[in-house]
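Below: one structure, written as structure tokens.
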2 protein chains.
Amino acid sequence: MEKFDAELEDVYVFKLVRAAQAFKQYAYDALAKKGIDVTSDQWVVLKKVSEEPGINQRELAKAIYKDPASVTRILDVLIKKELIEKRQGKDRRIYEIRLSLRGEKLVEKTLGVAVDIRKSGLEGLSSEEIQIFKKALDQVFKNYSG
Amino acid sequence: MEKFDAELEDVYVFKLVRAAQAFKQYAYDALAKKGIDVTSDQWVVLKKVSEEPGINQRELAKAIYKDPASVTRILDVLIKKELIEKRQGKDRRIYEIRLSLRGEKLVEKTLGVAVDIRKSGLEGLSSEEIQIFKKALDQVFKNYSG
DNA sequence: AAACAACTATTGATATATCAATTATATATT
DNA sequence: AATATATAATTGATATATCAATAGTTGTTT
């Protein structure tokens, strides 16, 4: 028996989606302000590739929880920006993904900005609240991806 | 001076975006399973219009934190599905948005499912944690939309 | 009233997401 | 070896997001 409905504003999933969207926009603007022309989704790819140079697209997609089709298209953009390089491995179905020199420089430059962006988002929250926040995000993700 | 960087997996904004995405997918599938063919974004529009029949697109966009252009396109889809009706008001720049009969029935049918979907996402969290979670989502949103 | 300014909605361009279908290659089976 | 199956990546279709430009209306100002 369902007891209640709620106004949109009070619904946590609404808040969740809204916060995620606001973050993406804020991040894009903050990076642009530093002359860094990448979206947060492109950044996720760049960061993961810098953590695991030579990773292939399937693994990359899995690691960042994106569809392989999305990864293909994000890589297209990053290759056009000359931040990423694709090389065929022995298995010619597979591409090894690496940062270009330019990509490496950009990642270096961006790391600090990314830290600042994250910090800005948490202002006004205690470390206990932040702990619980992260835990809740993980739990919600788990509940919704099972 | 930035002290540290972190692996993607540990970054809360990554968790945030990932949870939001997982929710959208889960919601879509759960609704589809009940024979309800709307995305969570379409649902947000339908819900808001049911809360404020006759609302115009500008107000609607503001209320649900979407770009007016996005609202136009979501409405296009909902009109094609015959769930929404647009009527011109006296001011002929403005459209009054209303649910169709079919839209009203769908909203009725969907409300309960939506409650269940939200509940599923919170399993394993205490009400204190949920309170803090909501507060954190609001704070992050505020920090990122200022 | 005419010219200009302000406002609502739409459209086009680009980025991303999902799903289904396709291509190319590799592996397994007979 | 030839055929069938599996895997990696791409592509096309549709939905949504942002931004910029435009179209249609209304309001203002002279």
Side-chain angles (χ1 to χ4, degrees), chain A residues 17-32 37-46 54-81 83-84 86-97 144-145, chain B residues 17-32 37-46 54-81 83-84 86-97 144-145:
Chain A
V17 169
R18 178 175 79 170
Q21 202 63 45
F23 156 69
K24 286 193 180 193
Q25 194 55 39
Y26 181 95
Y28 182 75
D29 294 343
L31 292 173
D37 173 36
V38 295
T39 66
S40 69
D41 293 297
Q42 289 164 21
W43 169 246
V44 167
V45 169
L46 291 168
I55 193 173
N56 69 48
Q57 296 182 214
R58 208 185 112 279
E59 294 294 339
L60 180 53
K62 189 179 295 182
I64 63 180
Y65 300 90
K66 287 182 188 297
D67 191 291
S70 297
V71 170
T72 293
R73 276 149 187 153
I74 294 173
L75 287 175
D76 285 346
V77 175
L78 292 174
I79 289 167
K80 199 165 295 165
K81 292 182 179 175
L83 299 170
I84 282 282
K86 263 159 94 166
R87 255 176 269 167
Q88 267 187 331
K90 287 164 219 169
D91 184 336
R92 303 224 312 278
R93 290 170 302 186
I94 290 175
Y95 292 99
E96 298 169 4
I97 312 299
Y144 279 142
S145 58
Chain B
V17 169
R18 176 175 79 170
Q21 201 65 45
F23 156 69
K24 286 192 179 193
Q25 193 56 39
Y26 181 95
Y28 183 76
D29 294 343
L31 292 173
D37 173 35
V38 295
T39 67
S40 68
D41 294 296
Q42 290 163 21
W43 169 245
V44 167
V45 169
L46 291 167
I55 193 171
N56 69 48
Q57 296 183 214
R58 207 186 113 279
E59 293 295 337
L60 180 53
K62 190 180 293 182
I64 63 180
Y65 300 89
K66 288 183 188 295
D67 191 290
S70 296
V71 169
T72 293
R73 276 150 187 152
I74 294 173
L75 287 175
D76 285 347
V77 175
L78 292 174
I79 289 167
K80 198 165 294 163
K81 292 182 180 177
L83 299 170
I84 282 282
K86 262 157 96 166
R87 257 176 267 166
Q88 266 187 330
K90 287 163 222 168
D91 184 336
R92 302 223 314 278
R93 291 169 300 186
I94 291 175
Y95 293 98
E96 298 169 4
I97 312 299
Y144 279 141
S145 58

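Convention: sequence-line order gives letters A, B, ...; per-chain numbering from 1.
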Report, one pair per line, the protein and nucleotides 1-7 of chain C atoms (nitrogen or oxygen only) whose separation is under 3.5 Å.
| from | atom 1 | to | atom 2 | distance (Å) |
| --- | --- | --- | --- | --- |
| C:dC7 | O2 | B:R93 | NH1 | 3.1 |

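Rounded to whole angstrom, the span from the CG atom of A:L60 across to the P atom of D:dT10 amounts to 11 Å. We find that CD1 of A:I84 is positioned 16 Å from C1' of D:dA9, with the value rounded to whole Å. With rounding to whole Å, B:K81 atom NZ is found 11 Å from D:dT14 atom C1'. A:L75 has its CG atom 10 Å from the P atom of C:dT16, to the nearest Å. When rounded to the nearest whole Å, the span between CG of A:L78 and C1' of C:dT14 equals 14 Å. Atom CG in A:D41 sits about 18 Å away from atom P in C:dT14, given to the nearest Å. Between B:I55 atom CD1 and C:dA9 atom C1' the separation is 15 Å, expressed in whole Å. Distance CZ (B:R92) to C1' (D:dG27): 15 Å, rounded to an integer number of Å.
We find the CD1-CG distance between B:I97 and B:L46 to be 11.5 Å, quoted to the nearest 0.5 Å. Atoms CD and CD1, on A:E59 and A:I94 in that order, are 8.5 Å from each other to the nearest 0.5 Å. Distance CZ/B:R18 to CD/B:Q21: 12.0 Å, rounded to 0.5 Å. To the nearest 0.5 angstrom, B:Q88 atom CD is 9.5 Å from B:E96 atom CD. Between the CG atom of B:D29 and the OH atom of A:Y144 there is a distance of 12.0 Å, given to the nearest 0.5 Å. We find the CZ-NZ distance between B:R58 and B:K62 to be 4.5 Å, quoted to the nearest 0.5 Å.
A:K90 comes within contact range of the sugar-phosphate backbone alone, with a heavy-atom separation under 4.0 Å but no base atom that close. Note on A:Y95: only backbone sugar-phosphate atoms sit closer than 4.0 angstrom, heavy atoms only; bases stay farther off. Contact annotation for B:K86: backbone-only contact, meaning every heavy-atom pair under 4.0 Å involves sugar-phosphate atoms and none involves a base.
Contact annotation: B:N56 does not reach the phosphate of C:dT8 (side-chain N/O to OP1 or OP2, under 4.0 Å). Between A:Q88 and C:dA24 there is no side-chain polar atom (N or O) within less than 4.0 angstrom of OP1 or OP2.
Nearer the 5' end of DNA chain D, as judged by each residue's closest nucleotide, is the contact made by A:D29, out of B:D91 and A:D29. When each of B:Q57 and A:K24 is assigned the nucleotide of DNA chain C with its nearest heavy atom, B:Q57 is the one assigned upstream, toward the 5' end.
In terms of heavy atoms, A:V38 sits closest to A:W43 at CG2-CB, 4.4 Å.
For residues 65-73 of chain B, proximity to DNA chain D is found at B:K66, B:D67, B:A69, B:S70, B:R73, defined as any non-hydrogen atom under 4.0 angstrom from a strand atom.
When distances are taken from the side chain of A:I74 to each of C:dT18, D:dT26, C:dT16, the shortest belongs to C:dT16. Between C:dA17, D:dA17, C:dA15, one nucleotide has an atom nearer to the side chain of A:Q42 than all others, and that is C:dA15. Proximity note for B:V77 (side chain, C-beta onward) versus C:dT16, D:dA8, D:dA15: the nearest is D:dA15.
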Would you list the atom pairs, donor with acceptor, under 3.5 Å between side chains in residues 66-81 of chain A and any protein atom, with sequence neighbours excluded?
| from | atom 1 | to | atom 2 | distance (Å) |
| --- | --- | --- | --- | --- |
| A:K66 | NZ | A:D41 | OD1 | 2.7 |
| A:D67 | OD1 | A:A69 | N | 2.7 |
| A:T72 | OG1 | A:Q57 | NE2 | 3.4 |
| A:T72 | OG1 | A:P68 | O | 3.2 |
| A:K81 | NZ | A:D37 | O | 2.8 |
| A:K81 | NZ | A:Q42 | OE1 | 2.9 |

